[in-house]
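The structure under discussion appears below in the form of structure tokens.
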Amino acid sequence: MTLVMGIVNVTPDSFSDGGRWASADAAIEQGLRLARQGADIIDVGGESTRPGAAPVDRAEEHARVVPVVEALTAEGLTVSIDTMWASTAQAAVAAGASLVNDVSGGLADPVMASTVADAGCDFVAMHWRAPSALMDARDSYVDVVAEVRDELAARLDALTAAGIDAQRIILDPGLGFSKVGESNWPLLANIGAWAGDARVLIGASRKRFLGAAIAVPGLAHPEPEGRDHATTAVTTLCADRGVWGVRVHDAQAAADAIAVVSAWQNAFDTEE
Ligand code: PMM
């Protein structure tokens with residue numbers, strides 16, 4: 001069954017929930033709440049990746065995430081660390097994280113791949129072309145599915161060459177990252193074409209392209225929290241297509257959608 005990865009951004013400035021869980025106590029409470037609502041994994045991040053976001057000092061990033069990772073793993077939860085930086089990944093793994101979620105797929109920090117190989121943990125390699133400040137300008141594709149497939153395949157080669165076991169790598173198309181609007185949809189509609197047999201993580205939750213899809217003509221696009229139903233529709237389709245995991249803000253809605261897909265699939269009559 002598709003896993004639910006619940007998001008805890010320990011940041012003052014994330015696009016979708018900026019500032020709400022900026023203190024360690026609030027972030028820990030949010031992680032526990034997401035787990036009660038059905039999240040299988042809690043994804044803890046200390047640096048916003050919103051378009052145009054400024055980088056965060058490493059010491060500040062560590063200080064934000066390590067206490068949260070420690071507290072949530074002490075409660076028996078499975079925790080992933082959302083970082084592009086090897087030292088933060090290392091500190092979080094030492095604090096109990098069992099998965100490293102790198103939106104740059106190992107491109108931002110040259111020692112990320114070897115650090116993860118040494119840690120022996122799972123690694124989410126997301127499709128990424130440029131740092132947040134520059135990423136929207138890199139939304140230029142002739143064939144987005146083929147280009148994401150090839151760029152992820154190149155990452156897979158580099159990551160395995162650095163010693164990460166291929167089975168440990170989960171691929172993510174990086175929705176919203178150098179994909180401003182329409183480029184996101186072909187990646188959702190053709191997952192097998194870029195992912196092959198790899199495990200896939202989809203992070204559509206509350207992103208701009210969903211706001212654009214559900215916008216009513218003549219009115220402003222819905223704000224991030226107004227995109228939760230659209231997110232759940234994506235989760236439902238992902239669960240039906242056997243996606244490994246969805247990264248979401250609303251864990252309850254995702255868990256419910258996945259349970260419905262599972263019940264539906266279990267009732268499917270293969271005799272017909
Ligand atoms: N999106 C964001 C942050 N981290 N990680 C993965 N693997 N995939 C994503 O799509 C992704 C991510 C940005 O969204 P947020 O600000 O709501 O966390």
Side-chain angles (χ1 to χ4, degrees), residues 2-22 27 30-31 34 39 41-56 61 64-65 68 79-85 88-89 92 97 99-108 112 116 121-129 131-132 135-136 148 152 155 159 169-180 183-184 187-188 191 194-195 198-211 223-228 230-231 234-235 238 243-251 254:
T2 300
L3 300 177
V4 176
M5 178 185 274
I7 303 170
V8 177
N9 287 318
V10 198
T11 55
D13 58 346
S14 282
F15 84 95
S16 52
D17 53 5
R20 286 185 66 188
W21 329 116
Q30 174 63 1
L34 289 166
I41 302 166
I42 308 299
D43 190 42
V44 177
E47 180 178 47
S48 173
T49 50
R50 68 184 289 159
V56 170
E61 190 190 22
R64 288 179 183 178
V65 298
V68 179
V79 174
S80 72
I81 176 68
D82 186 346
T83 186
M84 295 192 284
W85 308 111
T88 306
L99 194 160
V100 174
N101 173 25
D102 180 354
V103 299
S104 82
L107 278 171
M112 178 62 102
V116 170
C121 61
D122 279 2
F123 184 69
V124 175
M126 200 192 82
H127 177 257
W128 184 88
R129 284 187 159 179
S132 297
M135 68 182 182
D136 281 358
V148 168
L152 281 176
R155 292 316 305 145
L159 294 166
I169 299 173
I170 297 149
L171 298 181
D172 183 326
L175 301 177
F177 288 79
S178 298
K179 296 161 202 91
V180 177
S183 334
N184 293 284
L187 294 166
L188 282 170
I191 290 171
W194 54 264
R199 288 184 287 170
V200 168
L201 178 69
I202 295 290
S205 194
R206 296 183 179 171
K207 287 191 174 162
R208 289 173 294 176
F209 76 101
L210 294 182
E223 287 304 302
E225 287 186 14
R227 304 169 192 163
D228 276 344
T231 302
V234 173
T235 295
C238 286
V243 161
W244 173 79
V246 287
R247 181 180 178 280
V248 295
H249 299 86
D250 184 344

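Numbers for residues simply follow the sequence, beginning at 1. Order of listing sets the numbers, starting from 1, for every ligand and every atom in it.
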Is it true that D136 and R208 make a salt bridge, defined as a side-chain N closer than 4.0 Å to a carboxylate O?
->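 Salt bridge between D136 and R208, a charged N being under 4.0 Å from a carboxylate O: yes.
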Under a 4.0 Å N-O cut-off, is there an ion pair linking R247 with D82?
->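 Yes, this pair counts.
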Is the backbone N or O of [Y] less than 3.5 Å from a side-chain atom of [X], with the two atoms forming a donor-acceptor pair by type?
| X | Y | value |
| --- | --- | --- |
| S205 | T231 | no |
| W194 | L187 | yes |
| K207 | N184 | no |

Calculate, to the nearest 0.5 Å, the distance between atoms CG and CG belonging to L171 and L201 respectively.
->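 Going from the CG atom of L171 to the CG atom of L201 covers 10.0 Å.
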Compute the shortest N/O to N/O distance between K207 and ligand 1 and return yes if it is under 3.5 Å, no if not.
->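 Yes; the residue has a nitrogen or oxygen that sits under 3.5 Å from a nitrogen or oxygen of the ligand.
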Using a 4.0 Å cutoff against the non-hydrogen atoms of [X], which atoms of ligand 1 qualify?
| X | result |
| --- | --- |
| L201 | 7 (N) |
| V124 | 7 (N) |
| V103 | 4 (N), 5 (N), 12 (C) |
| F177 | 1 (N), 2 (C), 11 (C), 13 (C) |

Should one rank L175, D172, T49 by closest heavy-atom distance to atom 6 (C) of ligand 1, which comes out on top?
->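 Residue with the shortest heavy-atom distance to the ligand atom: D172.
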Closest candidate by heavy atom, reference atom 7 (N) of ligand 1, pool N9, N101, V246 |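 Minimum heavy-atom distance to atom 7 (N) of ligand 1 goes to N101.
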Report the part of D82 (side chain from C-beta onward, or backbone N, CA, C, O) that has a heavy atom under 4.0 Å from ligand 1; answer both or neither where that applies.
->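 The answer is the side chain.
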Is D43 touching ligand 1 with its side chain, its backbone, both, or neither, if touching means heavy atoms under 4.0 Å apart?
->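 None of D43 does.
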Side chain to side chain donor-acceptor pair (under 3.5 Å) partners of S178, counting only residues at least two apart |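 Applying side chain to side chain donor-acceptor pair (under 3.5 Å) to S178 gives none.
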4.0 Å heavy-atom contact, H249 with ligand 1 |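 Contact check H249 vs ligand 1: positive.
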